[in-house]
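Some notes on the structure that comes next.
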Amino acid sequence: MVMELATVDNTKIWTVNDYLQLGEESQYQLVNGELVISPSPSLKHQIIIGKIFRILDDFAILNHGLAVLSPIDIHFDSKNVFQPDMLLVSKERKNILSERGLEGAPDLVVEVLSASNSQYDRYQKREKYHEFGVSEYWIVDPANETFEVFDLTKQPNRPAIYQIANGKFDSLRFPKLKVDLGKVFN
């Protein structure tokens with residue numbers, strides 16, 4: 001069964017002010033002025049997020065950065081507020097942190113695909129992450145056990161790294177950040 005993302009009142013352009021009035025009860029995102037509601041992720045999705053987050057958080061602690069799990073709002077502009085599965089902010093960029101989330105692009109964004117979000121994550125959100133200055137973007141596909149790593153500063157439309165199953169890779173932005181897919185998917 002393929003689940004669809006729910007949208008609300010597409011007859012209007014939603015703004016950050018509209019978005020902020022929704023409260024914290026659901027997983028909302030604002031993508032190009034369209035309000036998108038995501039269903040709760042699967043157990044497998046959440047387990048994979050937990051494993052990746054441990055890798056990011058260990059790295060962030062050692063390097064005085066910050067790793068954050070969703071839900072956390074990234075405010076890009078008046079029509080785009082995203083909630084990626086997780087993100088990493090370097091020590092040098094902690095000035096983008098605010099009470100309402102992030103006010104600008106984190107260094108690294110990770111999205112784990114679900115049936116309901118794969119089109120948004122692969123296309124609309126990747127394009128916006130590039131447009132708003134995210135350096136590195138990981139798309140994790142649990143069904144195929146793959147990682148696609150995009151260098152959004154150089155080649156935003158094609159993965160710079162494509163790893164499967166038990167492969168390993170180093171982050172493009174943070175070369176000391178190493179990922180072993182065997183530890184993520186097993």
Side-chain angles (χ1 to χ4, degrees), residues 1-5 27 29 31 36-72 74 82-91 93 102 105-186:
M1 177 172 109
V2 175
M3 297 181 74
E4 294 290 324
L5 291 176
Q27 297 179 5
Q29 298 184 82
V31 181
V36 179
I37 305 170
S38 300
S40 294
S42 70
L43 178 61
K44 181 177 183 179
H45 182 275
Q46 293 303 93
I47 290 169
I48 289 171
I49 285 174
K51 290 177 179 183
I52 298 169
F53 182 73
R54 281 192 289 280
I55 295 166
L56 293 181
D57 196 42
D58 287 347
F59 176 81
I61 290 168
L62 285 173
N63 293 281
H64 309 287
L66 180 68
V68 182
L69 277 170
S70 185
I72 184 74
I74 303 174
F82 292 179
Q83 287 187 359
D85 288 315
M86 67 198 88
L87 58 87
L88 181 64
V89 178
S90 64
K91 173 177 73 173
R93 300 206 14 113
L102 280 73
D107 297 280
L108 170 66
V109 170
V110 181
E111 296 280 11
V112 178
L113 299 180
S114 295
S116 65
N117 71 6
S118 65
Q119 293 301 308
Y120 273 100
D121 290 347
R122 285 195 179 283
Y123 303 106
Q124 289 100 324
K125 288 176 76 176
R126 180 177 45 81
E127 289 171 9
K128 288 297 177 182
Y129 287 141
H130 166 64
E131 178 183 332
F132 290 113
V134 173
S135 299
E136 186 169 339
Y137 181 43
W138 298 356
I139 296 177
V140 182
D141 184 344
N144 294 308
E145 296 189 348
T146 61
F147 267 66
E148 296 171 57
V149 179
F150 290 84
D151 181 344
L152 297 180
T153 65
K154 294 181 182 169
Q155 204 169 21
N157 298 318
R158 199 171 70 188
I161 298 172
Y162 184 85
Q163 281 295 329
I164 58 171
N166 294 311
K168 298 178 182 180
F169 70 90
D170 299 344
S171 163
L172 301 167
R173 169 76 173 81
F174 304 103
K176 293 181 182 177
L177 173 57
K178 300 178 180 309
V179 178
D180 180 344
L181 277 63
K183 292 181 180 178
V184 171
F185 293 122
N186 297 322

Given Leu108 and Arg173, is the side chain to side chain contact (heavy atoms under 4.5 Å, CB included) satisfied, shown in steps?
CA-CA 8 Å; Leu108 170 66; Arg173 169 76 173 81; 5.9 Å; no
Which of these, Tyr129, Tyr137, Phe132, sits in a ring-ring contact (aromatic ring centres under 6.0 Å, His included) with Phe82?
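Exactly one pass, corresponding to Tyr129.
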Only residue of Asp85, Asp141, Ile139, Ile47 satisfying side-chain contact (heavy atoms from CB on, under 4.5 Å) with Val112 is Asp85
Can you classify the ring geometry of Phe169 versus Trp138 as parallel (below 30°), tilted (30 to 60°) or perpendicular (above 60°)?
perpendicular
For a side chain to side chain contact (heavy atoms under 4.5 Å, CB included) check, start with the C-alpha distance between Leu88 and Leu177, then their side-chain angles and the critical distance, and finish with the verdict.
CA-CA 11 Å; Leu88 181 64; Leu177 173 57; 4.1 Å; yes
Could you name each residue pair satisfying salt bridge (Lys or Arg N to Asp or Glu O under 4.0 Å) that touches residues 174-186, not counting sequence neighbours?
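Found Asp170-Lys178.
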For residues Asn63 and Phe174, determine if any side-chain heavy atom of one lies less than 4.5 Å from a side-chain heavy atom of the other.
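In short, these two side chains do not touch, never coming nearer than 4.5 Å.
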Kindly indicate whether the side chain of Leu113, heavy atoms from C-beta on, has any atom under 4.5 Å from the side chain of Asn144.
no
List in chain and number order the residues that pass salt bridge (Lys or Arg N to Asp or Glu O under 4.0 Å) with Glu127, two or more places apart in sequence or in another chain; answer none if no residue qualifies.
none
Just jot down the salt bridge (Lys or Arg N to Asp or Glu O under 4.0 Å) partners of Glu148, sequence neighbours excluded, or say none.
Arg122
Under 3.5 Å, is there a donor-acceptor pair between the side chain of Glu111 and the main chain of Asp121?
no
[X] versus [Y], closest heavy-atom pair with distance:
| X | Y | answer |
| --- | --- | --- |
| Lys44 | Pro142 | NZ-O, 3.3 Å |
| Thr146 | Phe185 | N-CZ, 3.7 Å |
| Pro106 | Val89 | CB-CG2, 4.0 Å |
| Glu145 | Leu181 | O-CD2, 4.3 Å |

Which side-chain N or O atoms in residues 54-62 pair as donor and acceptor under 3.5 Å with protein atoms at least two apart or in another chain?
none

Contacts of Tyr123 that satisfy ring pair (Phe, Tyr, Trp, His ring centres under 6.0 Å) - sequence neighbours left out
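So Tyr123 forms no ring pair (Phe, Tyr, Trp, His ring centres under 6.0 Å) with any residue.
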With rounding to the nearest 0.5 angstrom, report the CG to NZ distance, Asp107 to Lys91.
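Nearest 0.5 Å value for the CG-NZ distance: 12.5 Å.
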Does Ile72 form a side chain to side chain contact (heavy atoms under 4.5 Å, CB included) with Leu102? I'd like the steps, not just the answer.
CA-CA 8 Å; Ile72 184 74; Leu102 280 73; 3.9 Å; yes
I'd like a table of donor-acceptor pairs (distance under 3.5 Å, sequence neighbours excluded) in which one partner is a side-chain atom from residues 152-164, with atom names and distances.
{"residue": "Thr153", "atom": "OG1", "partner": "Asp151", "partner atom": "OD1", "Å": "2.5"}
{"residue": "Asn157", "atom": "OD1", "partner": "Arg126", "partner atom": "NH1", "Å": "3.1"}

